[in-house]
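Structure first, then comments.
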Amino acid sequence: MTNQNARSAESVAKNAAPGRTSTINTDDLIEWFAADARDLPWRGPEVDGWGVLVSETMLQQTPVARVMPIWREWMARWPKPSDLAATSQAEVLRAWGKLGYPRRAMRLHEAASAIASEHDDTVPSDVDTLLALPGVGTYTARAVAAFAYGKRAPVVDTNVRRVVARAVHGEGDAGNPSPNRDLADVDALLPSDDRDAARLSAALMELGQTVCTVKSPGCEICPIVADCAWQHAGRPAYAGPPKKVQRFAGTDRQVRGLLLDVLRRSEGPVQRPELDAVWHDAAQRDRALDSLLVDGLLEQTEDGRFGLPGEE
DNA sequence: CTCCGGGACA
DNA sequence: TGTCCAGGAG
């Protein structure tokens, strides 16, 4: 195992100066991950690119605990992209359940069709090819390349951004996302070897999720605390611009969720009054219903009822 | 920059 | 009640 970021006398000296950029010991992090990583189902050796793509899509803005049962069910029902592609949108939306952001399910369904028809039913390993798939963005494309195919690709999610902001830059937390800067920061940390780089990417995410957390970081058990610029700077509080908080209660998002839940739980299309019952504000209800139709998450039947797409 | 779900936990 | 959670797209 090679390590391009071995700690040097110079970097240790730099670490001692608060507020300065530091270099973390990537070997320590990789070793820690090998010993302490959680045993998540999509990390199994038998999991292929499809399993990783499904897990990464489900994990977008969604906690691990909620994803696990749904991911297992999907893998059992649809072990290959073509299996999902052959399924109706209505069935896919029901199986997505209450994971949230159901447009993800529609995009994954579209991606499965593209993979089946254009990529020989095999999830691509090339980042640019992955990026062309619906629902696959900067994060997911690199996560699949690294975790499924062991490639060297900077994988930057909210956790990695926080770890880098702290350990490398000595800041309390990351500011607004800046994709190019974030990718460059992480790229600079990655060993040149593909396998080691992929392991480090997984380790950085795991550290941010389980140790270097937002509220109560476990610095006392952190494998790279000796090199952490934030630690050396006295763990300063976040000093950047205030982060934007999105409301949920009372928003169109909530109404859309309530409407869709009626359809998920019904056998087939329902009459308008059944939908109207879920929300008091008629104008907002209509707006939400219309947006669901526009998004293709709902369809209207010939006789005026509403149902999940692709349903009779 | 705004919108897009939903649940758990302080 | 507020906050966070393996983001992506318009």
Side-chain angles (χ1 to χ4, degrees), chain A residues 33 37-38 40-43 47 51-71 93 96-108 110-111 130-148 153-163 173-179 182-183 186 198 201-210 212-217 238 241-264 278-279 284 287-288 290-292 294-298:
Chain A
F33 182 74
R38 291 169 295 174
L40 302 177
W42 41 85
R43 286 177 174 166
V47 178
V52 173
L53 176 60
V54 172
S55 74
E56 294 301 341
T57 303
M58 289 181 171
L59 286 162
Q60 291 166 7
Q61 298 290 285
T62 310
V64 167
R66 290 174 55 195
V67 167
M68 275 201 279
I70 308 292
W71 182 85
L93 283 173
W96 190 258
K98 308 193 83 167
L99 272 186
Y101 296 134
R103 292 188 300 183
R104 289 184 292 171
M106 295 291 89
R107 290 177 183 138
L108 187 52
E110 287 177 51
L130 284 160
L131 283 170
L133 296 171
V136 177
T138 307
Y139 164 77
T140 305
R142 290 168 176 80
V144 171
F147 305 151
V155 181
V156 185
D157 74 330
T158 181
N159 296 297
V160 173
R161 295 186 65 246
R162 181 175 57 256
V163 169
D173 202 345
N176 292 324
S178 170
D182 296 337
L183 288 175
V186 175
S201 290
L204 283 168
M205 290 183 60
E206 183 85 353
L207 188 74
Q209 290 150 18
T210 64
C212 195
T213 56
V214 180
K215 292 193 174 174
S216 53
Y238 173 65
K243 310 203 171 183
K244 315 195 192 290
V245 184
Q246 284 208 28
R247 301 266 168 262
F248 175 62
T251 63
D252 288 4
R253 247 157 76 231
Q254 182 182 19
V255 182
R256 283 166 56 107
L258 291 171
L259 291 171
L260 205 55
D261 196 41
V262 172
L263 277 306
R264 273 197 304 262
V278 303
W279 197 251
Q284 188 175 24
R287 191 169 63 241
D290 187 59
S291 73
L292 286 170
V294 169
D295 287 347
L297 291 167
L298 250 62

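Chain naming here is simple, since letters A, B, ... match the order of the sequence lines and numbering starts at 1 in each.
Among residues two or more places apart in sequence or in another chain, the side-chain contact (heavy atoms from CB on, under 4.5 Å) test is passed with A/Asp261 by A/Lys98, A/Arg264, A/Arg265. With sequence neighbours excluded, the residues that form a side chain to side chain donor-acceptor pair (under 3.5 Å) with A/Arg161 are A/Asp182. Qualifying side-chain contact (heavy atoms from CB on, under 4.5 Å) partners for A/Lys243, counting only residues two or more places apart in sequence or in other chains: A/Asp173, A/Tyr238. Evaluation of the side chain to side chain donor-acceptor pair (under 3.5 Å) rule for A/Gln61 yields no partner, not counting sequence neighbours. Among residues two or more places apart in sequence or in another chain, the side chain to side chain donor-acceptor pair (under 3.5 Å) test is passed with A/Gln254 by none. Contacts of A/Thr62 classified as side-chain contact (heavy atoms from CB on, under 4.5 Å), with partners at least two apart in sequence or in another chain: A/Arg66, A/Val67, A/Leu99, A/Arg104. When the side chain to side chain donor-acceptor pair (under 3.5 Å) test is applied to A/Ser291, the partners found at least two apart in sequence or on another chain are A/Arg256.
C/dA6 and B/dC9: their P atoms are spaced 15 Å apart (whole Å). For the P atom pair drawn from C/dG8 and B/dG7, the interatomic distance equals 23 Å after rounding to whole Å.
Atom OH in A/Tyr238 sits roughly 11 Å away from atom P in C/dC4 (whole-Å rounding). Distance A/Gln284 CD to B/dC3 P: 12 Å, rounded to the nearest Å. Residue A/Lys243 contributes atom NZ, which lies 19 Å from atom P of C/dG2 at whole-angstrom precision. As a whole-Å value, the separation of A/Arg256 CZ from B/dC3 C1' is 9 Å. The distance between atom CZ of A/Arg161 and atom C1' of C/dC4, rounded to the nearest whole Å, is 15 Å. Counting to the nearest Å, the P atom of C/dC4 and the NZ atom of A/Lys215 are 6 Å from each other. Atoms CG (A/Leu259) and P (B/dG5) sit 10 Å apart, rounded to a whole Å.
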Measure all distances between protein nitrogen or oxygen atoms and nitrogen or oxygen atoms of nucleotides 6-10 of chain C, and list the pairs falling under 3.5 Å.
{"from": "C/dA6", "atom 1": "OP2", "to": "A/Asn159", "atom 2": "OD1", "distance (Å)": "3.1"}
{"from": "C/dA6", "atom 1": "OP2", "to": "A/Asn159", "atom 2": "ND2", "distance (Å)": "3.0"}
{"from": "C/dA6", "atom 1": "O5'", "to": "A/Asn159", "atom 2": "ND2", "distance (Å)": "3.4"}
{"from": "C/dA6", "atom 1": "O4'", "to": "A/Asp157", "atom 2": "OD2", "distance (Å)": "3.0"}
{"from": "C/dA6", "atom 1": "N9", "to": "A/Tyr139", "atom 2": "OH", "distance (Å)": "3.3"}
{"from": "C/dA6", "atom 1": "N7", "to": "A/Glu56", "atom 2": "OE1", "distance (Å)": "3.2"}
{"from": "C/dA6", "atom 1": "N7", "to": "A/Glu56", "atom 2": "OE2", "distance (Å)": "3.1"}
{"from": "C/dA6", "atom 1": "N6", "to": "A/Trp42", "atom 2": "NE1", "distance (Å)": "2.9"}
{"from": "C/dA6", "atom 1": "N1", "to": "A/Gln209", "atom 2": "OE1", "distance (Å)": "3.2"}
{"from": "C/dA6", "atom 1": "N3", "to": "A/Gln209", "atom 2": "NE2", "distance (Å)": "2.6"}
{"from": "C/dG7", "atom 1": "OP2", "to": "A/Gln61", "atom 2": "N", "distance (Å)": "2.9"}
{"from": "C/dG7", "atom 1": "OP2", "to": "A/Gln61", "atom 2": "NE2", "distance (Å)": "3.2"}
{"from": "C/dG8", "atom 1": "OP1", "to": "A/Gly137", "atom 2": "N", "distance (Å)": "3.0"}
{"from": "C/dG8", "atom 1": "OP1", "to": "A/Thr140", "atom 2": "N", "distance (Å)": "2.9"}
{"from": "C/dG8", "atom 1": "OP1", "to": "A/Thr140", "atom 2": "OG1", "distance (Å)": "2.6"}
{"from": "C/dG8", "atom 1": "OP2", "to": "A/Tyr139", "atom 2": "N", "distance (Å)": "3.2"}
{"from": "C/dA9", "atom 1": "OP1", "to": "A/Gly135", "atom 2": "N", "distance (Å)": "2.9"}

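Taking 4.0 angstrom as the limit, A/Lys98 places a side-chain polar atom (N or O) nearer than this to OP1 or OP2 of B/dG7.
With hydrogens and angles left out, the side-chain atoms of A/Gln60 and A/Tyr139 include no donor and acceptor closer than 3.5 Å.
Atoms CZ and CE, on A/Phe147 and A/Met205 in that order, are 5.0 Å from each other to the nearest 0.5 Å.
Of the residues in residues 247-255 of chain A, those lying under 4.0 Å from DNA chain B by heavy-atom distance are A/Phe248, A/Asp252, A/Arg253.
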